*Asks:* 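Handing you a structure now.
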Amino acid sequence: MYMKQIKKPLALALALLMFFLPIFMINPGQAQAASPALNLDVKSAIMVEATTGKILYKYNENQALPPASMTKMMTEYLVLDAIKKKKITWDQKVTVDDYGAFLGKSGSSGVYLAKGDVHTVKELYEAMAIYSANDATVMLAETVAGSENEFVKLMNQKAKEFGMTQTYFANSTGLPLADLKAFAPESADRDTVMSARDAAILAKELITQHPEVLETTKIPRKIFREGTPQALKMDNWNWMLPGLVKQYKGVDGLKTGHTNAAGFCFTGTAERNGVRLITVVMGTKSFVSRFTETSKLLDYGFSNYKMQPLLAQGAQISGGENAKVNKGTAKEVAAVTSKQVLYPVKKGEEGAYKPKAVLQEVTAPVKQGQAVGYVKVVGPNGKSDEFLRPIDEQKAGGTLVAKEEVEEAGWLRLAFRAFFGFIGDIFSSLGNMIKGWFS
């Protein structure tokens with residue numbers, strides 16, 4: 001009888017142990033399943049709303065992994081930056097050197113550049129952005145910085161500026177250093193790595209600062225050396241573009257990648273009904289699966305989120321109507337939104353998001369339209385959403401600006417203001433003292 005009494009609790013304990021044992025045995029470094037459960041077959045993934053950087057989905061998003069040709073997003077950024085700053089021009093001629101020719105016949109993705117070939121920056125840029133041409137990419141890197149080694153320094157410097165904390169660039173292409181042989185940049189001591197979060201940060205900066213990139217990345221097909229005997233048809237490796245095998249409505253970028261170490265990767269972006277999403281999947285198992293997994297993310301994002309108007313342009317926020325002004329003819333200035341505040345919210349939660357003013361004291365003279373704070377958006381239960389970076393959270397609700405000018409006060413006015421302020425402080429102190437005596 002005694003043994004039977006023991007067996008029942010023992011059996012229950014064993015059953016509970018078998019149920020919870022898999023949970024307790026999880027390696028602390030192993031990625032946990034993200035919510036919602038989209039059943040992605042990836043090493044890491046993330047999805048964000050593009051204008052704010054609000055994270056809508058994440059899985060193992062901070063692990064540094066080989067990004068393969070997704071590296072070229074930074075090369076695209078720096079090339080477009082150099083164009084914008086007039087350091088190089090689209091019609092500038094580039095003569096192919098030994099390095100470009102080496103990659104042209106290396107068997108990696110390229111447009112078969114040969115030593116002495118001459119192409120414009122525009123032609124090489126299109127070959128990189130559409131066809132992921134490694135030979136075209138290194139020629140662009142050398143054109144911008146003089147050498148790939150110097151270009152890589154710019155890449156890592158820009159990554160640091162962007163807050164890409166899990167990224168290291170070894171070259172402009174994302175190819176393994178071993179594949180470059182004698183042409184590997186001398187400063188590189190390991191292969192390129194990047195986290196899914198960092199890839200999303202880079203994509204956000206790229207399409208925000210240089211939205212013209214999408215005019216090229218959305219091209220499904222183009223001819224390189226068109227009109228010559230060496231013409232080459234370039235099919236975009238992004239098969240989610242219109243007219244290609246895995247087409248998905250709204251997709252217009254951004255960059256695929258593949259090496260043996262990286263698996264199949266893809267940073268995608270798509271826009272529907274005023275919502276633009278950025279997705280990253282890393283370490284998928286096949287050429288097509290990266291697009292299948294991306295479709296799962298986009299389906300979830302577009303089905304569940306919308307851009308909700310929270311404030312009109314020129315609006316004030318209750319409780320934060322005025323910003324303090326130091327040394328001005330007025331002590332305060334009205335704070336208004338610089339533009340309409342649109343914010344990504346989950347459908348059904350439209351009324352749960354509230355704007356709050358975060359104001360800063362400014363010193364006169366204050367110009368009309370000068371920034372005096374920002375809008376912080378508070379979500380359900382008073383909680384804040386998660387963003388790619390703190391700067392994204394600060395910018396997500398938009399800027400508060402001065403509604404009118406405030407001139408700098410003259411020394412006499414400031415002197416009188418200081419004097420009466422001093423007198424006021426004395427009477428305030430006396431009042432508190434007297435109140436203390438009789439309380």
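Predicted model only: the values in this text are computed from it and were never measured.
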*Asks:* Just to verify, which of Asp189, Asn156, Asp198 counts as forming a side-chain hydrogen bond (donor to acceptor under 3.5 Å, both in side chains) with Tyr168?
*Replies:* Asp189

*Asks:* Look only at the side chain of Thr192 and the backbone of Ala170, and say whether a donor-acceptor pair between them is shorter than 3.5 Å.
*Replies:* yes

*Asks:* Please check if atom CD in Glu407 has more than 12 non-hydrogen atoms from other residues, nucleotides or ligands closer than 6.0 Å.
*Replies:* no

*Asks:* Taking all heavy atoms of Tyr131 and all of Gly110, pick out the closest pair and write down the distance.
*Replies:* CE2-O, 3.3 Å

*Asks:* Would you call the rings of Tyr300 and Tyr305 parallel, tilted or perpendicular, taking 30° and 60° as the class edges?
*Replies:* perpendicular

*Asks:* Taking NZ in Lys122 as the centre, count heavy atoms belonging to other residues, nucleotides or ligands within less than 6.0 Å. Is the count above 12?
*Replies:* yes

*Asks:* Before you tell me yes or no, could you show the steps for Glu293 and Asp41 under side-chain contact (heavy atoms from CB on, under 4.5 Å), namely the whole-Å CA-CA distance, both residues' side-chain angles and the distance that decides it to 0.1 Å?
*Replies:* CA-CA 7 Å; Glu293 304 311 297; Asp41 189 7; 4.2 Å; yes

*Asks:* Calculate, to the nearest 0.5 Å, the distance between atoms CZ and CG belonging to Phe302 and Asn273 respectively.
*Replies:* 8.0 Å

*Asks:* For the backbone of Asp252 and the side chain of Thr217, can you confirm whether one donor and one acceptor N or O come within less than 3.5 Å of each other?
*Replies:* yes

*Asks:* Over all heavy atoms of both residues, which pair between Cys265 and Gly283 is shortest? Give the atoms and the distance, please.
*Replies:* SG-N, 3.8 Å

*Asks:* Quick one: closest heavy-atom pair of Leu277 and Thr269, and the distance?
*Replies:* O-OG1, 2.9 Å

*Asks:* In this structure, are over 12 heavy atoms from other groups packed under 6.0 Å from Glu161 atom CD?
*Replies:* yes

*Asks:* Any side-chain to backbone donor/acceptor pair from Arg290 onto Phe264? Under 3.5 Å, distance only.
*Replies:* no

*Asks:* When you look at Lys204 and Asp392, which way does the salt bridge (Lys or Arg N to Asp or Glu O under 4.0 Å) test go after all the steps?
*Replies:* CA-CA 10 Å; Lys204 183 180 186 301; Asp392 295 315; 3.5 Å; yes

*Asks:* To the nearest 0.5 Å, what is the distance between OG1 on Thr52 and CZ on Arg276?
*Replies:* 13.0 Å

*Asks:* If only atom types and distance count, is the side chain of Ser289 paired as donor or acceptor with the main-chain N or O of Thr292 below 3.5 Å?
*Replies:* no

*Asks:* At their closest point, which heavy atom of Lys296 faces which heavy atom of Asn39, and how far apart are they?
*Replies:* NZ-O, 3.1 Å

*Asks:* Restricting to non-hydrogen atoms, name the atom on Trp90 and the atom on Thr120 that form the minimum distance, rounded to 0.1 Å.
*Replies:* O-CB, 3.5 Å

*Asks:* Which distance, rounded to the nearest 0.5 Å, do you find between the NZ of Lys58 and the CD of Glu61?
*Replies:* 5.0 Å

*Asks:* A cation-pi test, strictly: NZ or CZ of Lys246 under 6.0 Å from the centre of the six-membered ring of Trp239 and no more than 45 degrees from its axis. Yes or no?
*Replies:* no

*Asks:* Among Glu404, Gln368, Glu405, find the one that has a side chain to side chain contact (heavy atoms under 4.5 Å, CB included) with Val333.
*Replies:* Glu404

*Asks:* Closest approach of Ala196 and Ile46, non-hydrogen atoms and distance?
*Replies:* O-CG2, 3.5 Å

*Asks:* Assess whether atom NZ of Lys395 is packed by more than 12 heavy atoms of other residues, nucleotides or ligands within 6.0 Å.
*Replies:* no

*Asks:* Could you walk me through whether Met73 and Thr75 pass the side-chain contact (heavy atoms from CB on, under 4.5 Å) test, one step at a time?
*Replies:* CA-CA 5 Å; Met73 290 191 292; Thr75 303; over 6 Å; no

*Asks:* Parallel, tilted or perpendicular: which one describes the rings of Tyr77 and Phe162, with boundaries at 30° and 60°?
*Replies:* perpendicular

*Asks:* Before you tell me yes or no, could you show the steps for Asn134 and Lys72 under side-chain hydrogen bond (donor to acceptor under 3.5 Å, both in side chains), namely the whole-Å CA-CA distance, both residues' side-chain angles and the distance that decides it to 0.1 Å?
*Replies:* CA-CA 9 Å; Asn134 292 306; Lys72 294 185 177 82; 2.8 Å; yes

*Asks:* Does atom NZ (Lys86) have a neighbourhood of more than 12 heavy atoms from anything else shown, all under 6.0 Å?
*Replies:* no

